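Before any comments, here is the structure.
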Amino acid sequence: MAGIIQPKVLKGFRDFLPQMEIPRRKLIRALEDHFTSYGYVPIDTPVLEYAEVLLSKGGGETDKQTYRFNDHGGRDVALRFDLTVPFARYVAAHRNELSIPFKRYHIGKVWRGENTQRGRYREFMQCDFDVIGTDSAAADLEIMLMMAAGLRAIGAGETRIRFSHRGLFNQLLEKLGLEGKTAEVLRIVDKIGKIGAGEVRILLGELVGKEETETLLDFITPAEDNRETLKKMAALAWSEEKDGSAEVRIKTILDAVEKMQLHHNLVLDPSITRGLDYYTGIVFETFLDDMPSLGSVCSGGRYGNLTGLFMKEPVSGVGASIGLDRLMAGLEELGRIDNAASGTDILILMLDEALLARYQILAHGLRQDGLAAEVYPENRKLGAQFKYAEAKGIPLALIVGSEENEAGTVNLKDLGSRESFNGLSFEDARGKALEILGK
RNA sequence: GUGGAUGUAGUUCAGUUGGUAGAGCACCAGAUUGUGGUUCUGGUUGUCGCGGGUUCAAACCCCGUCAUCCACCCCA
């Protein structure tokens with residue numbers, strides 16, 4: 001009379017049925033191919049690390065959200081809550097084994113013990129890609145171009161990347177004498193898309209003086225086009241156009257964007273600041289044209305010193321992170337997810353158990369042509385076997401009974417149109433199958 | 001973490017002022033023992049999220065708990 005254990009999963013953790021996992025894998029594979037085509041290489045790191053490594057950044061909020069416990073040996077350990085901190089440790093640990101500039105991508109699960117919402121879970125998949133070891137505008141540009149092209153490649157459609165530069169914002173804050181309140185100001189400004197300029201004015205007014213509030217609001221409001229926006233930002237921040245300045249960096253990027261005719265995709269938006277404080281250069285967030293309300297599906301920026309906590313020599317880099325689960329939720333809502341129940345192209349029906357070997361030989365032959373073939377495992381009524389094929393979304397069936405076996409022929413059936421092609425040689429049948437599948 | 005809403009068969013939902021649960025779809029079997037999407041007949045589906053309490057009696061009322069959704073926070 002043992003009690004039955006409920007097959008439940010933890011809050012914010014999920015099982016994936018095949019019709020969800022198959023498109024998820026497809027999406028990941030498409031991204032991997034995309035990164036590879038730009039020369040980025042994959043890495044991985046442990047999901048469990050020493051707590052002191054993961055929590056070293058000391059952000060109060062991340063500390064609270066990190067899953068942390070003592071392992072069987074009494075070690076203070078934690079599950080990774082992003083892929084950036086492990087990457088910093090990884091770079092410091094393997095500094096001499098990496099060729100610089102190092103371009104990597106990393107796709108993996110991360111964990112955060114925060115409250116759940118739609119498209120927001122405690123276990124979720126992140127996809128990071130970064131270039132480290134160079135502070136060039138070329139790298140900044142490449143990362144943003146990869147984001148736009150990558151999202152297009154996975155069927156997310158056109159995107160708008162809104163970017164800005166922390167350097168100019170910091171100059172402005174310095175000029176206004178607000179360096180001490182940088183974090184608070186950034187957090188308020190970051191909300192403008194959500195709460196509007198009016199609310200931001202009120203919140204800023206509570207934090208800084210009236211004049212400063214108006215200057216900040218003026219700064220973060222984009223002008224008609226990228227050039228005008230930059231002009232205004234530079235003027236308000238008292239920027240001097242010299243080598244290595246934030247202003248020149250933005251100019252360089254805008255020049256390239258214009259030459260590539262991408263000013264729809266890349267928009268200079270000074271209200272983009274990103275809450276995280278390790279960004280020092282460009283910062284950006286990406287929205288789907290077809291669903292801006294989903295929020296940013298890919299964001300990041302340039303950091304001046306990724307590895308500061310783990311080694312003395314500073315390493316600069318620029319990178320972005322895609323929220324795969326949020327993106328999946330958006331794509332599903334847009335009807336862009338193909339909920340395939342299997343990847344099988346052709347089902348070989350079982351009409352006679354004595355023909356087991358024949359069925360497996362047929363399946364093997366089909367696989368050599370690149371077709372995914374499976375043999376139905378029981379000699380059940382044909383109706384049941386067809387139903388199985390339908391449930392798994394299998395488009396073709398190969399039917400061989402004792403008569404066909406003796407005659408040396410096979411019957412192929414297109415399960416979609418219900419058209420049968422009987423008495424074919426195996427050669428003709430697989431030719432026909434490839435034709436129907438369009439392969 | 002804070003506040004609010006919700007939780008009934010695989011699924012979508014119904015269930016009247018508390019009287020020990022119902023429909024469509026899905027599923028299974030048969031009409032149709034080598035060709036399945038229609039039709040017909042029959043059938044199964046439930047610890048009413050879980051655990052307590054009030055009551056002669058709880059899906060319904062009360063408390064707790066777990067989960068989902070929404071807002072805040074933060075972010076992906």
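All values reported here derive from a predicted model rather than from experimental measurement. Below, chain A is the first sequence line, B the second, and so on; all start at residue 1. Computed over heavy atoms, backbone and side chain alike; hydrogens, waters and symmetry mates excluded.
- Between A76(B), G34(B), C74(B), one nucleotide has an atom nearer to the side chain of Phe124(A) than all others, and that is A76(B).
- Judged by a 6.0 Å distance limit and a 45° cone about the ring axis, Lys109(A) is not positioned over the six-membered ring of Tyr121(A).
- Under the 4.0 Å criterion applied to side-chain N and carboxylate O atoms, Arg29(A) and Glu32(A) are not assigned as salt-bridge partners.
- With Arg166(A) contributing its side chain and Tyr279(A) its backbone, the two residues share a donor-acceptor pair below 3.5 Å.
- Side-chain atoms of Asp352(A) and Tyr359(A) include no donor-acceptor pair closer than 3.5 Å.
- With rounding to whole Å, Glu390(A) atom CD is found 12 Å from G36(B) atom P.
- For His165(A) and Phe169(A), the ring centers are positioned 6.0 Å apart or more.
- Remark: the separation of the P atoms in G10(B) and C50(B) is 12 Å, to the nearest Å.
- The separation of A5(B) from A9(B), taken at their P atoms, amounts to 22 Å, rounded to a whole angstrom.
- One C1' atom belongs to U44(B), the other to A29(B), and the distance between them is 10 Å to the nearest Å.
- Between C74(B) and C62(B), the two C1' atoms lie 36 Å apart (nearest whole Å).
- No hydrogens or angles were tested; on distance alone, nothing pairs the side chain of Gln385(A) with the base of G34(B) as donor and acceptor under 3.5 Å.
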What's touching nucleotides 24-27 of chain B from the protein side, N or O pairs under 3.5 Å?
none

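- Judged by distance alone, with hydrogens and angles left aside, Arg187(A) brings no side-chain donor or acceptor close enough to the base of C75(B) to form a pair under 3.5 Å.
- If you check the side chains of Arg201(A) and Thr213(A), you find no donor sitting under 3.5 Å from an acceptor.
- The CG atom of Asp325(A) sits 18 Å away from the P atom of C75(B) (whole-angstrom rounding).
- For the pair Arg162(A) and Phe287(A), the cation sits on the ring face: its NZ or CZ lies under 6.0 Å from the ring centre, inside 45° of the axis.
- Of the C1' atoms belonging to G19(B) and C61(B), the separation is 15 Å, rounded to the nearest Å.
- Rounded to a whole angstrom, the distance from the C1' atom of C70(B) to that of A14(B) is 25 Å.
- The side chain of Leu382(A) sits closest to G34(B) out of G36(B), A76(B), G34(B).
- Between Glu114(A) and the options Lys11(A), Arg120(A), Arg122(A), a salt bridge (Lys or Arg N to Asp or Glu O under 4.0 Å) holds for only Arg120(A).
- Comparing G30(B), G37(B), C75(B) against the side chain of Arg112(A) picks out C75(B) as the nearest.
- The C1' atoms of G18(B) and C48(B) are separated by 14 Å, rounded to the nearest whole Å.
- Comparing G49(B) with G7(B), their P atoms are spaced 8 Å from each other, to the whole Å.
- Remark: Arg104(A) is positioned above the aromatic ring of Phe87(A), its terminal NZ or CZ atom under 6.0 angstrom from the ring centre and at most 45 degrees off the axis.
- When distances run from any side-chain atom of Phe386(A) to the nucleotides G36(B), G34(B), G30(B), the shortest one goes to G36(B).
- Side chain to side chain, Arg160(A) and His264(A) meet the donor-acceptor criterion of an N or O pair below 3.5 Å.
- The side chain of Lys11(A) places an N or O atom within less than 4.0 Å of a non-bridging phosphate oxygen (OP1 or OP2) of U68(B).
- Side chain of Gln117(A), nearest nucleotide from C70(B), G34(B), A76(B): C70(B).
- Set against G30(B), G36(B), G34(B), the side chain of Leu415(A) has G36(B) as its closest nucleotide.
- Close placement of the Phe35(A) and Phe129(A) rings is indicated, their centers lying within 6.0 Å of each other.
- One cannot find a donor-acceptor pair under 3.5 Å joining the base of G34(B) and the side-chain atoms of Lys413(A).
- For Arg118(A), whose side chain is taken as the heavy atoms from C-beta onward, the closest listed nucleotide among U35(B), G36(B), C69(B) is C69(B).
- Atom CG of Asp71(A) has more than 12 neighbouring heavy atoms from other residues, nucleotides or ligands inside a 6.0 Å radius.
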What's touching nucleotides 43-49 of chain B from the protein side, N or O pairs under 3.5 Å?
| unit_1 | atom_1 | unit_2 | atom_2 | d |
| --- | --- | --- | --- | --- |
| U47(B) | O4 | Gln6(A) | OE1 | 2.8 |
| U47(B) | O4 | Gln6(A) | NE2 | 2.3 |

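- The closest side-chain donor-acceptor pair between Ser321(A) and Asp128(A) falls under 3.5 angstrom.
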Worksheet item: Starting at the 5' end of RNA chain B, what dot-bracket string do you get if Watson-Crick and G-U pairs under 3.5 Å are bracketed, crossing pairs use [ ], other-strand pairs use | and unpaired bases use dots?
Response: (((((((..((((........)))).(((((.......))))).....(((((.......))))))))))))....
